[in-house]
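Before any comments, here is the structure.
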Protein chains: 2
Amino acid sequence: MSFENLCDLLKRNNFKLTDQRKSILFTLYENKDSLMSPEDLLVAAKKRCTKLNLSTIYRNIEALLKLDLLYKHIKDNGSTLYKLKLKDSHAHHMICTKCGKTEAVDFCPIEAFKGIIDKKQFQLTEHKLELYGHCKECSDDE
Amino acid sequence: MSFENLCDLLKRNNFKLTDQRKSILFTLYENKDSLMSPEDLLVAAKKRCTKLNLSTIYRNIEALLKLDLLYKHIKDNGSTLYKLKLKDSHAHHMICTKCGKTEAVDFCPIEAFKGIIDKKQFQLTEHKLELYGHCKECSDDE
DNA sequence: TTTTATGCAAAACTTTTGCAAGGCC
DNA sequence: GGCCTTGCAAAAGTTTTGCATAAAA
């Protein structure tokens, strides 16, 4: 999905394209492969729109989550990170713990669990799988 | 591991078994298959030791995490839950989103990812996999 | 003009910390 | 007695909310 498509999608959902919102969207789009904290997003988006408040960031995050356009990731230390979810397909990710870059992995092993789960009479509704490590670039730096 | 073994383990690590600590440990032990929030833990442990403060809960959680005796789970809404980790084997869990009960699953599919990951030159250090749904009891209630 | 968004400040939560007092070993 | 623990209160960090104002459509 292009940046323009993204804007259109928001318009169709009765979102007004304010400068603040555009700067937030554009910043997310620029960093669409990296996870960002609300604070990261504020700092980066301010480069495009100086008058921007943290509460606006949070309100926009909330809105994008409702539209299922954001992927929410909570780190082990509890801090919350986001990135755009541009295609709504189910995917798992490799997450670089050094630079925060993410990459989708085109494989899901959930079928292998089905037998085990059925035996326990557990009704599966969802699952989460994430791979952590160092991406090629960060490994090279070592 | 029994509750007594657990106490011994702490003693060996120079932990003093105060009433507060014992009540926290016992409460965790009683609920060893369920995830609890710090607040849950406070309320439940107070039944055994009235004089108990939330900061003591947090300090003990911290200590147990360092000993790798606690499993930390962060929910999608950001709230943090804990349960005892009595065996240190790597395991994935089925988590009931209704009652919070958890059960370990004796299967890990990570090998299936190795080829894909190597191709991307990603250095895997860790992974997280969790299964969400309804346990047998909660399904029956529907 | 109507509706949605925003900034600002304050509030609400959760978690951490400093310090003096208390309790275990 | 010495060292670890605790309660209490205050601080710190993050996220949410109320309200008047501003901007988009």
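Remember, it's a predicted structure, so these values are computed and weren't measured experimentally. Chain A is the first sequence line, chain B the second, and so forth, proteins listed ahead of strands; every chain is numbered from 1.
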Could you tell me which residues satisfy side-chain hydrogen bond (donor to acceptor under 3.5 Å, both in side chains) with [X], sequence neighbours excluded, listed by chain and number?
| X | result |
| --- | --- |
| B:His127 | B:His90, B:His92 |
| A:Lys114 | A:Glu111 |
| B:Ser55 | B:Asn53, B:Arg59 |

Below 3.5 Å between N/O atoms, which protein atoms pair up with nucleotides 1-3 of chain C? Just atom names and distances, please.
| residue | atom | partner | partner atom | Å |
| --- | --- | --- | --- | --- |
| C:dT3 | O2 | A:Lys16 | NZ | 2.3 |

Within residues 103-123 of chain B or reaching into it, pairs that qualify as ring pair (Phe, Tyr, Trp, His ring centres under 6.0 Å) - sequence neighbours excluded: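 Sorted pair list: A:Phe107-B:Phe113, A:Phe113-B:Phe107.
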
Output the residues of [range] in contact with DNA chain D, where contact means a heavy atom of the residue under 4.0 Å from an atom of the strand; sort by number or write none.
| range | result |
| --- | --- |
| residues 19-29 of chain A | none |
| residues 1-10 of chain A | none |
| residues 56-67 of chain B | B:Thr56, B:Arg59, B:Asn60 |

Electrostatic pair B:Glu30-B:Lys47, nearest N-O below 4.0 angstrom: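 No.
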
Side chain to side chain donor-acceptor pair (under 3.5 Å) contacts touching residues 5-17 of chain A (sequence neighbours left out):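 Applying side chain to side chain donor-acceptor pair (under 3.5 Å) to every pair that reaches into residues 5-17 of chain A, excluding sequence neighbours, yields A:Ser2-A:Asn5.
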
Sidechain-backbone polar pair: B:Thr102 side chain, B:Ser34 backbone, donor-acceptor under 3.5 Å: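 Absent.
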
Leading and trailing nucleotides of DNA chain D with any atom under 4.0 Å from heavy atoms of chain A: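 So the contact region on DNA chain D extends D:dT14 to D:dA25.
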
Nearest-angstrom distance from the residue atom CZ of B:Phe15 to C1' of C:dG23: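 That distance rounds to 17 Å.
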
Distance in Å, B:Thr56 OG1 paired with B:Ile61 CD1, rounded so as to fall on 0.5 Å steps: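 Rounded to the nearest 0.5 Å, the OG1-CD1 separation comes to 11.0 Å.
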
Spacing of NZ belonging to A:Lys128 relative to CG belonging to B:Leu129, to within rounding of 0.5 Å: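 Atom-to-atom, A:Lys128:NZ and B:Leu129:CG are 11.5 Å apart.
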
Heavy-atom closest pair, residues B:Ile57 and B:Pro38: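 Between these two residues, the closest heavy atoms are CG2-O, 3.8 Å.
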
Option among A:Asp68, A:Leu65, A:Leu70 that satisfies the side-chain contact (heavy atoms from CB on, under 4.5 Å) test with A:Lys85: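 Of the listed residues A:Asp68, A:Leu65, A:Leu70, the side-chain contact (heavy atoms from CB on, under 4.5 Å) partner of A:Lys85 is A:Asp68.
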
Given side chains that start at C-beta, do those of [X] and [Y] come closer than 4.5 Å, heavy atoms only?
| X | Y | value |
| --- | --- | --- |
| B:Glu137 | B:Lys101 | yes |
| B:Leu35 | B:Tyr71 | yes |
| B:Ile24 | B:Thr27 | no |

Test salt bridge (charged side-chain N to carboxylate O under 4.0 Å, His left out) applied to A:Lys120 - qualifying residues, sequence neighbours left out: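 Per chain and number, A:Lys120 pairs via salt bridge (charged side-chain N to carboxylate O under 4.0 Å, His left out) with B:Glu103.
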
Sugar-phosphate only, base, or nothing, as touched by B:Ser79 at under 4.0 Å among non-hydrogen atoms: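 If one applies the 4.0 Å heavy-atom cut-off, B:Ser79 turns out to touch nothing in the nucleic acid.
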
Residues, nucleotides or ligands: over 12 heavy atoms within 6.0 Å of B:Asp106 CG: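 For B:Asp106, atom CG is not crowded (no more than 12 foreign heavy atoms under 6.0 Å).
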
Phosphate OP1/OP2 of C:dT6 contacted by A:Asn53 side-chain N/O (<4.0 Å):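 So the side-chain polar atoms of A:Asn53 never come under 4.0 Å of the phosphate oxygens OP1 or OP2 of C:dT6.
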
Phosphate OP1/OP2 of C:dC24: any B:Thr18 side-chain N/O under 4.0 Å: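 Checking C:dC24 against B:Thr18, no side-chain N or O comes under 4.0 Å of OP1 or OP2.
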
Difference in axis direction between the ends of the helix from C:dT1-D:dA25 to C:dC25-D:dG1, five pairs, 10°: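 Here the local axes at opposite ends form an angle of 30°.
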
Which residue lies more 5' along DNA chain C, comparing A:Asn13 with A:Ser55 via nearest heavy atoms: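 Checking each residue's closest nucleotide, the 5'-ward one belongs to A:Asn13.
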
Intermediate values then yes/no, side chain to side chain contact (heavy atoms under 4.5 Å, CB included), B:Thr80 and B:Tyr82: CA-CA 7 Å; B:Thr80 314; B:Tyr82 302 91; 3.3 Å; yes

Donor + acceptor pair across side chains of B:Asp40, B:Ser37 (<3.5 Å):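 B:Ser37 and B:Asp40 do have a side-chain donor-acceptor pair below 3.5 Å.
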
